Structures are given as structure tokens and as C-alpha cells.
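Each chain gets a letter, A, B and so on, in the order its sequence line appears, and its residues count up from 1. It should be emphasised that the depicted structure is a prediction, and the values quoted were computed from it without experimental measurement.
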Number of protein chains: 2
Amino acid sequence: MGVIRKTKSVETLLAIFENNKDAVSAVQLIDLLKEKMNKTTIYRILERLQNDGIVHSFMDKDGLKWYATCHGCSAKQHIDIHPHFQCQNCGKVDCLSVDIKIPMIPNRQINFSQVLLIGKCESCL
Amino acid sequence: MGVIRKTKSVETLLAIFENNKDAVSAVQLIDLLKEKMNKTTIYRILERLQNDGIVHSFMDKDGLKWYATCHGCSAKQHIDIHPHFQCQNCGKVDCLSVDIKIPMIPNRQINFSQVLLIGKCESCL
DNA sequence: ATTACTTTTGCAACCAAGTTGCATTAAGTA
DNA sequence: TACTTAATGCAACTTGGTTGCAAAAGTAAT
């Protein structure tokens with residue numbers, strides 16, 4: 001497990017997550033930062049941030065990867081599990097701070113869950 | 001909206017879904033049927049079956065597309081919404097017949113949801 | 001059956017997201 | 001300053017899925 005060095009690229013990405021309550025997709029980041037860093041670098045930094053409990057990732061309705069800031073997570077474990085919402089009109093995704101009850105499933109061990117609610121956001125209604 | 005013709009390829013796919021309670025991924029189908037039909041054909045038939053309410057599709061934890069038989073759906077609407085379970089060890093996915101309560105979210109219109117529970121299946125425990 | 005019409009299929013080429021290998025560069029440390 | 005190791009850029013690659021188009025196969029009427 002490599003140590004995370006505070007490189008310019010890492011700072012740049014951290015700044016984006018700090019100023020952003022919504023989730024951000026890898027594709028958006030690659031486009032946003034295409035002048036500043038390579039897409040490989042972006043993917044690799046995101047992976048490190050995730051391993052360190054700083055961000056979490058999830059898949060959207062189209063199978064694209066999104067990232068958002070974690071709250072209360074660490075390298076040891078991700079405890080900040082919550083549903084995400086995606087607007088089927090504009091594609092925007094955000095984290096929802098509601099609690100979803102995951103039922104017990106017989107004969108299976110549930111470790112975590114991905115809940116994606118799909119609909120229309122406020123500005124697309 | 002084209003009529004679905006009962007071609008050999010369609011029959012083959014329908015037979016697979018009939019004999020299969022679990023979900024099947026597009027990749028699995030392509031591999032399974034690689035001697036019998038083209039992958040383009042598989043994707044197109046799956047799309048038609050979905051439009052007709054015969055199967056439903058969803059994304060797994062890695063962003064791959066999975067399909068499973070619908071119950072009580074039609075071309076008009078998909079009412080068979082339920083969570084799915086994926087084993088993080090063997091990758092198998094199945095449909096769960098439990099009801100998950102989706103909370104009201106202020107200022108948003110929720111149209112449907114994708115719930116994926118991730119853990120270990122019976123044979124991988 | 002034959003014809004005419006429309007859907008379906010195969011193929012090849014393509015696209016986009018994400019990954020890998022490797023040489024180079026930049027952090028952290030003594 | 002020099003050393004060690006992590007981080008980066010680049011190009012090439014992998015993979016899941018899509019598109020355009022000509023050829024083949026369903027379907028229904030004659």
C-alpha cells in the first residue's frame with residue numbers, strides 16, 4: 001500500500017472534491033482536466049483516494065464510474081454507504097443522505113449495497 | 001415499434017431465459033452462443049425482448065449489463081422492479097424477491113431504482 | 001408456391017471507458 | 001545534494017457495446 005504523496009495532481013483532484021457536493025464522473029474529470037493531467041493519472045489517483053477512504057465510487061445507470069467525497073471513512077473501511085440519485089434527463093448524479101433499509105437475505109452474506117434512484121432532478125422537472 | 005418475429009435466434013434466447021432463474025450477463029450469452037449467432041444479434045434481440053417486457057436489464061458492480069426474465073411486465077411498462085444480488089467472489093447474479101422501500105426524496109421525481117446487494121453467495125461462503 | 005414487403009442477421013468497422021507496461025519525473029528523506 | 005520510491009505521461013491495448021449496410025429470412029397476400 002503506497003503512501004499518498006501530495007503531488008500537484010492530487011491537490012487538484014482533492015480541491016475539486018472539496019468544492020463539490022455532487023458526485024463527479026471519471027469522464028467529466030478527464031474532460032475537465034485534460035490540459036492538466038493524463039487520464040491514466042486521474043484513474044490512478046482516484047483509486048488511491050478511494051483506498052484511503054477519501055472518496056467512494058459507484059456505477060451509474062449507464063455503467064460509468066462516478067466518485068464522491070466520503071464522510072467518516074478511512075483506509076480500513078468504507079462506512080459511508082448511501083443511495084445515489086441520477087437524473088435521466090441531464091445525467092447529473094448526487095449523493096442522498098437518506099437511510100435505506102437493506103433486508104436480510106437468507107443464505108447470503110451482504111457486505112455492501114449500491115442503490116441508484118433514477119428520475120428527474122429539480123432543474124429538469 | 002417492430003413486431004418480434006419468431007426467428008431461431010429469438011427462440012434460442014427465450015429458451016435460455018425460461019430455463020434460468022438467475023440473471024445472465026450479455027458477456028455470458030455472447031460466449032455461450034458464439035457458435036450460433038453474432039454478438040450484435042444478441043444485443044439487438046435482448047433490446048427487443050426488453051422493449052416487450054419479457055426481460056429486464058441492469059448493471060452489475062463492474063458496469064456490465066445483465067438480463068433476467070420479467071414477471072408481470074409488458075411492452076407498456078416494467079413493473080417487476082426488485083433488488084439484485086451479486087457475489088463478489090464468483091460474480092453470479094440473481095434476482096431477489098424482496099421489497100425495498102424507496103423513500104420520498106424532496107424536489108425530485110423518482111421513476112425507478114436499481115438496487116444491487118453485494119456479498120457472498122451460498123456456495124462461496 | 002411465388003411474390004412483395006419488412007424485419008432480422010452477419011460482418012466489419014468503429015467507439016468509448018478503462019487498463020497496462022515502461023521509461024521519465026518528481027516527492028520525501030537522510 | 002543525492003538517494004530511493006512513488007507518481008506521471010504516453011502509447012498501445014483490452015473490452016463491452018454500437019453502427020451502417022448488404023444479404024438473408026419471416027410474414028402475409030396472391
Side-chain angles (χ1 to χ4, degrees), chain A residues 1-17 23-52 54-68 75 84 86 91-93 114 116, chain B residues 1-17 23-52 54-68 75 84 86 91-93 114 116:
Chain A
M1 287 288 118
V3 180
I4 287 203
R5 293 188 179 173
K6 286 278 167 60
T7 66
K8 245 185 204 152
S9 302
V10 170
E11 306 279 18
T12 307
L13 275 169
L14 282 177
I16 289 175
F17 283 108
V24 197
S25 72
V27 175
Q28 289 174 333
L29 288 171
I30 290 167
D31 184 62
L32 184 67
L33 301 172
K34 61 172 171 287
E35 244 91 81
K36 290 194 187 152
M37 67 187 91
N38 192 274
K39 68 170 176 172
T40 311
T41 305
I42 298 178
Y43 281 115
R44 290 198 271 225
I45 292 178
L46 290 171
E47 197 189 357
R48 272 179 273 150
L49 294 182
Q50 183 168 4
N51 287 339
D52 268 38
I54 298 170
V55 302
H56 60 276
S57 75
F58 54 94
M59 295 287 169
D60 77 353
K61 63 186 176 63
D62 303 309
L64 298 190
K65 222 165 185 181
W66 289 69
Y67 295 85
H84 296 98
Q86 180 163 36
K92 199 180 78 163
V93 173
Q114 289 194 359
L116 184 65
Chain B
M1 291 287 120
V3 178
I4 287 203
R5 293 188 178 174
K6 288 275 167 62
T7 66
K8 247 185 201 149
S9 302
V10 171
E11 305 279 18
T12 306
L13 276 169
L14 282 177
I16 289 175
F17 283 107
V24 197
S25 72
V27 175
Q28 290 175 333
L29 287 171
I30 290 166
D31 184 62
L32 183 67
L33 301 173
K34 60 172 172 287
E35 242 91 81
K36 290 195 186 153
M37 68 188 88
N38 192 275
K39 69 170 177 174
T40 312
T41 306
I42 297 179
Y43 281 115
R44 291 198 271 224
I45 291 178
L46 289 171
E47 197 189 359
R48 272 179 273 151
L49 294 182
Q50 182 167 5
N51 287 340
D52 268 37
I54 298 169
V55 302
H56 60 276
S57 75
F58 55 94
M59 295 287 169
D60 77 354
K61 64 186 174 64
D62 304 309
L64 297 191
K65 223 166 185 181
W66 289 69
Y67 295 84
H84 295 98
Q86 181 164 35
K92 200 180 80 163
V93 174
Q114 288 194 0
L116 184 63

Participant: Out of C:dT9, D:dC10, D:dT8, which has the shortest distance to the side chain of A:Asn38?
Facilitator: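 Ranking C:dT9, D:dC10, D:dT8 by closest atom to the A:Asn38 side chain puts D:dC10 first.
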Participant: Does the plane of the ring in A:Phe17 sit parallel, tilted or perpendicular to the ring in A:Tyr67? Use 30° and 60° as the thresholds.
Facilitator: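 Aromatic pair A:Phe17/A:Tyr67 classed perpendicular.
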Participant: Given atom CG of B:Asp31 and atom C1' of D:dT15, what is their separation to the nearest angstrom?
Facilitator: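 So the two atoms are 14 Å apart, to the nearest Å.
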Participant: Collect all protein-nucleotide pairs involving nucleotides 27-30 of chain D in which both atoms are nitrogen or oxygen and the distance is under 3.5 Å.
Facilitator:
| unit_1 | atom_1 | unit_2 | atom_2 | d |
| --- | --- | --- | --- | --- |
| D:dT27 | OP1 | B:Lys6 | N | 3.4 |

Participant: Taking only residues two or more places apart in sequence, or in another chain, which ones meet B:Lys36 in a salt bridge (Lys or Arg N to Asp or Glu O under 4.0 Å)?
Facilitator: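 Once residues adjacent in sequence are excluded, B:Lys36 has no partner under the salt bridge (Lys or Arg N to Asp or Glu O under 4.0 Å) criterion.
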Participant: Roughly how many Å is it from CD in A:Gln28 to P in C:dA16, rounded to a whole number?
Facilitator: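 Rounded to the whole Å, the gap is 16 Å.
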Participant: Side chains of B:Phe58 and B:His84: closer than 4.5 Å at any heavy-atom pair?
Facilitator: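 Side chain of B:Phe58 against side chain of B:His84, heavy atoms only: contact under 4.5 Å found.
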Participant: Rounding to an integer number of Å, can you tell me how far B:Glu11 CD sits from C:dT8 C1'?
Facilitator: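 Atom CD in B:Glu11 sits about 14 Å away from atom C1' in C:dT8.
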Participant: With a 3.5 Å cut-off and sequence neighbours excluded, list the donor-acceptor pairs that the side chains of residues 6-16 of chain A form with protein atoms.
Facilitator:
| unit_1 | atom_1 | unit_2 | atom_2 | d |
| --- | --- | --- | --- | --- |
| A:Thr7 | OG1 | A:Val10 | N | 3.2 |
| A:Thr12 | OG1 | A:Lys8 | O | 2.7 |

Participant: To the nearest 10°, let me know how far the axis at one end of the helix from C:dA1-D:dT30 to C:dA30-D:dT1 is tilted from the axis at the other, five pairs an end.
Facilitator: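 It works out to 30° between the end axes.
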Participant: Just jot down the side-chain contact (heavy atoms from CB on, under 4.5 Å) partners of B:Lys92, sequence neighbours excluded, or say none.
Facilitator: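 Result, side-chain contact (heavy atoms from CB on, under 4.5 Å) vs B:Lys92: B:Asp22, B:Cys90, B:Asp94.
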Participant: Expressed as a whole number of angstroms, how long is the span from A:Asp60:CG to C:dA17:P?
Facilitator: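 Computing the A:Asp60:CG to C:dA17:P distance gives 11 Å.
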Participant: For B:Asp62, check side chain to side chain donor-acceptor pair (under 3.5 Å) against everything at least two apart and list the hits.
Facilitator: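 With neighbours one apart ignored, the set is empty.
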Participant: Under the side chain to side chain donor-acceptor pair (under 3.5 Å) test, which residues partner B:Gln114, sequence neighbours left out?
Facilitator: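 Listed in chain order: nothing, the list is empty.
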Participant: Between P on D:dG9 and NZ on A:Lys8, what's the gap in Å once rounded to a whole number?
Facilitator: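 My rounded result for the distance is 11 Å.
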Participant: Write down the atom of A:Gln50, the atom of A:Ser57, and the distance for their closest heavy-atom approach.
Facilitator: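 Between these two residues, the closest heavy atoms are NE2-OG, 3.1 Å.
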Participant: Please identify each residue that fulfils side-chain contact (heavy atoms from CB on, under 4.5 Å) with A:Ile30, with sequence neighbours left out.
Facilitator: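 With neighbours one apart ignored, the set is A:Lys39, A:Ile42, A:Tyr43.
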Participant: Rounded to whole Å, please give me the gap between CD in A:Glu47 and P in C:dA17.
Facilitator: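 Whole-Å distance recorded here is 19 Å.
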Participant: What is the distance, to the nearest angstrom, from the NZ atom on B:Lys34 to the P atom on D:dT15?
Facilitator: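 The distance from NZ of B:Lys34 to P of D:dT15 comes to 14 Å, rounded to the nearest Å.
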Participant: Which residues pass the salt bridge (Lys or Arg N to Asp or Glu O under 4.0 Å) test with A:Lys61, sequence neighbours left out?
Facilitator: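 Salt bridge (Lys or Arg N to Asp or Glu O under 4.0 Å) check on A:Lys61 returns nothing, list empty.
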Participant: Rounding to an integer number of Å, can you tell me how far B:Asp62 CG sits from D:dT14 C1'?
Facilitator: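 After rounding, the gap between these two atoms is 15 Å.
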Participant: In chain order, what residues pass the side-chain contact (heavy atoms from CB on, under 4.5 Å) check against A:Glu47, with sequence neighbours excluded?
Facilitator: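 With sequence neighbours excluded, A:Glu47 shows a side-chain contact (heavy atoms from CB on, under 4.5 Å) to A:Asn51, given in chain and number order.
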Participant: What are the atom names and distances for every N/O pair under 3.5 Å that joins the protein to nucleotides 16-21 of chain D?
Facilitator:
| unit_1 | atom_1 | unit_2 | atom_2 | d |
| --- | --- | --- | --- | --- |
| D:dG17 | OP1 | B:Lys65 | N | 3.0 |
| D:dG17 | OP2 | B:Tyr43 | OH | 2.7 |
| D:dG17 | O5' | B:Tyr43 | OH | 3.3 |
| D:dG17 | N7 | B:Lys39 | NZ | 2.9 |
| D:dG17 | O6 | B:Lys39 | NZ | 2.9 |
| D:dT19 | O4 | B:Thr40 | OG1 | 3.4 |

